[in-house]
Amino acid sequence: MQQLTIFDYPAEQKHIFQVHDKVRLQLVDEAINFEIYNYRKYYCEHLIGKMGTVLEVKGNTVTVQINGVTIPCEACELEWIA
């Protein structure tokens with residue numbers, strides 16, 4: 001058995017991201033996902049609103065590099081820039 005993370009829950013994906021896309025990390029609404037909201041607010045606050053580059057896309061989990069930090073994000077947290 002494999003341990004699940006907060007990024008493993010099934011969610012509807014609004015935008016299909018591709019590698020090398022430019023994205024901005026947004027703070028997801030607390031009503032949509034309480035766990036992601038709290039994690040980003042208290043541990044990744046310095047990355048909220050910053051632009052990054054998509055490195056990998058696996059289902060609904062998008063790996064993004066922002067300011068030299070590589071983090072897994074949920075697609076609903078990202079705003080597509082270019």
Could you list the donor-acceptor pairs under 3.5 angstrom formed by side chains in residues 42-56, with sequence neighbours left out?
from, atom 1, to, atom 2, distance (Å)
Thr53, OG1, Lys22, NZ, 3.0

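Atom CD of residue Glu77 and atom OH of residue Tyr39 lie 10.0 Å apart, to the nearest 0.5 angstrom. Atoms CG and CG, on Leu25 and Asn67 in that order, are 10.5 Å from each other to the nearest 0.5 Å. Note that the CD1 atom of Ile32 and the SG atom of Cys76 stand 6.5 Å from one another [nearest 0.5 Å]. Taking OG1 of Thr61 as the reference point, atom CZ of Phe17 lies at 12.0 Å (rounded to 0.5 Å).
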Give the C-alpha distance, both sets of side-chain angles, the deciding distance and a yes or no for side chain to side chain contact (heavy atoms under 4.5 Å, CB included) between Tyr37 and Asp29. CA-CA 7 Å; Tyr37 171 82; Asp29 187 21; over 6 Å; no

Would you please test Ile71 and Arg40 for side chain to side chain contact (heavy atoms under 4.5 Å, CB included) and show each step? CA-CA 11 Å; Ile71 58 170; Arg40 294 290 183 227; 4.2 Å; yes

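Evaluation of the side chain to side chain donor-acceptor pair (under 3.5 Å) rule for Gln26 yields Glu79 as partners, not counting sequence neighbours. For Phe34, the side-chain contact (heavy atoms from CB on, under 4.5 Å) partners two or more places apart in sequence, or in a different chain, are Glu30, Asn38.
Residues Val28 and Ile36 come closest through the heavy atom pair CG1-CG2, 3.6 Å. A pairwise comparison of heavy atoms in Trp80 and Val23 identifies CA-CG1, 4.3 Å as the closest pair. Across all non-hydrogen atoms, the minimal contact from Val64 to Cys73 is CG2-SG, 4.2 Å.
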